[in-house]
Protein chains: 2
Amino acid sequence: MKTVHKEHTLTKNQQIIFDLIDKSPEPMKAYSILFNVQKKGIKAPLQVYRALDKLVEIGKIHKIESRNAFIACHNSSCQMANATAFSICEICEKVTEISSAGLSKYLANFKDKDGMKYSKYNLEFFGLCKKCKVK
Amino acid sequence: MKTVHKEHTLTKNQQIIFDLIDKSPEPMKAYSILFNVQKKGIKAPLQVYRALDKLVEIGKIHKIESRNAFIACHNSSCQMANATAFSICEICEKVTEISSAGLSKYLANFKDKDGMKYSKYNLEFFGLCKKCKVK
DNA sequence: TTACATCTTGTTATATTATAACAATCTAAA
DNA sequence: TTTAGATTGTTATAATATAACAAGATGTAA
Ligand SMILES: [Zn+2]
Ligand SMILES: [Zn+2]
Ligand SMILES: [Zn+2]
Ligand SMILES: [Zn+2]
């Protein structure tokens, strides 16, 4: 079993798309990404989806499932690819990746009725962000 | 503020669609639902989506976000509408709603870095179900 | 170097999931 | 009974995602 982390050198398309998502202040949707990278020669949805799939796989980005949108990982990548948690503001749609040792420990150790453990999970919290709460 | 739970009498379309999902052994997708209820006079996607929206809202069913599929709630409905947890088998796609007082307590009390609490959440665990583990 | 496998790309077409807009009908409560 | 709100039926369209296939790049292994 491999335990060494392979260095993932991003391909051209992957790099272009990662850079775009990484500097976006909010999660980006696939077709918005497509629109934004057309000037760089990426013309078809499939080119975008292929890059997204790979970036998700290697943990550079995460998919916000309830929003069909993608956000760059800010938890030292890769490590968290399979165990993610986010807070989502229901008013302004601000999304923040949650990095809590306590939470990840709790979830990684959680056992269901049958005593099953799950190393992969995705958790999305919904509520109001600080700003929206004040208003 | 209302604290009394309104009895939600389902409308015809809602009842037809809920019955279908409720007796399905696996989560159902919208267009599969549509196909299955066409003989009962529900002909258009929108009729299905409207019923699904309502059923989700009142907690009779839940959406499995990572699968775009819907499953009937077996946790005494409603109560859990906004705080859901599921285990999903990555091989056979079996989905089970998790009903754990400990888990829901932990998540309902979880505070993020800013001390924010979130009463709504959706958690999806991924792994192998009992059957698939043996194989 | 050559040959081979594998990965990545480009491209067209198509499948799947979901909503917009509007008119008609039903339902509940004032 | 009137009226507001919810629900329905319908057509059209938007948004999200994948299939299929050919061509090019990359990296081993003889
Ligand atoms: Zn991350
Ligand atoms: Zn907000
Ligand atoms: Zn439930
Ligand atoms: Zn299974």
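- Judged purely by atom type and a 3.5 angstrom limit, B/Asn109 uses its side chain to pair as donor or acceptor with the backbone of B/Lys105.
- No salt bridge links A/Arg67 with A/Glu124; every basic N to acidic carboxylate O contact stays at or beyond 4.0 Å.
- No side-chain N or O of A/Asn122 forms a donor-acceptor pair with one of A/Glu65 less than 3.5 Å apart.
- Rounded to whole Å, the distance from CE on B/Met28 to C1' on C/dT16 is 15 Å.
- At the phosphate of D/dT7, neither OP1 nor OP2 sits under 4.0 Å from any side-chain N or O atom of B/Asn13.
- Distances shorter than 4.0 Å separate none of the side-chain N or O atoms of A/Lys29 from OP1 or OP2 on D/dA14.
- Listed nucleotides D/dT10, C/dA18, D/dT18 differ in distance to B/Pro45; the shortest reach to its side chain belongs to C/dA18.
- Distance A/Glu65 CD to C/dT17 C1': 14 Å, rounded to the nearest Å.
- Phosphate proximity of C/dA18 to B/Asn68: present, with a side-chain N or O under 4.0 Å from OP1 or OP2.
- Nucleotide C/dT8 holds its C1' atom 13 Å from the CG atom of A/Asp53, rounded to whole Å.
- Aromatic ring centres of A/Phe110 and A/Tyr121 lie farther apart than the 6.0 Å criterion allows.
- If B/Ala44 and B/Gln14 are placed on DNA chain D by their nearest nucleotide, the residue sitting closer to the 5' end is B/Gln14.
- Residue B/Lys54 places none of its side-chain N or O atoms closer than 4.0 Å to OP1 or OP2 of D/dT8.
- For the OP1/OP2 pair of D/dG9 and a distance below 4.0 Å, the side-chain nitrogens and oxygens of B/Gln47 include at least one atom meeting the criterion.
- Atom CG of B/Leu52 and atom P of C/dT17 are 12 Å apart (whole Å).
- In this structure, B/Ile33 places its CD1 atom 12 Å from C1' of C/dT17, rounding to the nearest Å.
- Closest to the side chain of A/Arg50, out of D/dA17, D/dA20, D/dT8, is D/dA20.
- A/Ser24 contributes no side-chain N or O that, together with a main-chain N or O of A/Leu20, makes up a donor-acceptor pair within less than 3.5 Å.
- Atom-to-atom, CG of B/Leu46 to P of D/dT10 comes out at 12 Å; the value is rounded to the nearest Å.
- Looking at B/Tyr31, its side chain comes within 3.5 Å of the base of C/dA18 through a donor and an acceptor atom.
- Regarding A/Lys63, its NZ atom lies at a distance of 10 Å from the P atom of D/dT16, rounded to whole Å.
- Between the side-chain ring of A/Tyr49 and the base of D/dT18, no stacking contact exists by the 5.5 Å and 30° definition.
- Rounded to whole angstrom, the span from the CG atom of A/Leu34 across to the P atom of D/dA17 amounts to 13 Å.
- For the pair B/Thr11 and C/dC26, the criterion of a side-chain N or O lying under 4.0 Å from OP1 or OP2 is not met.
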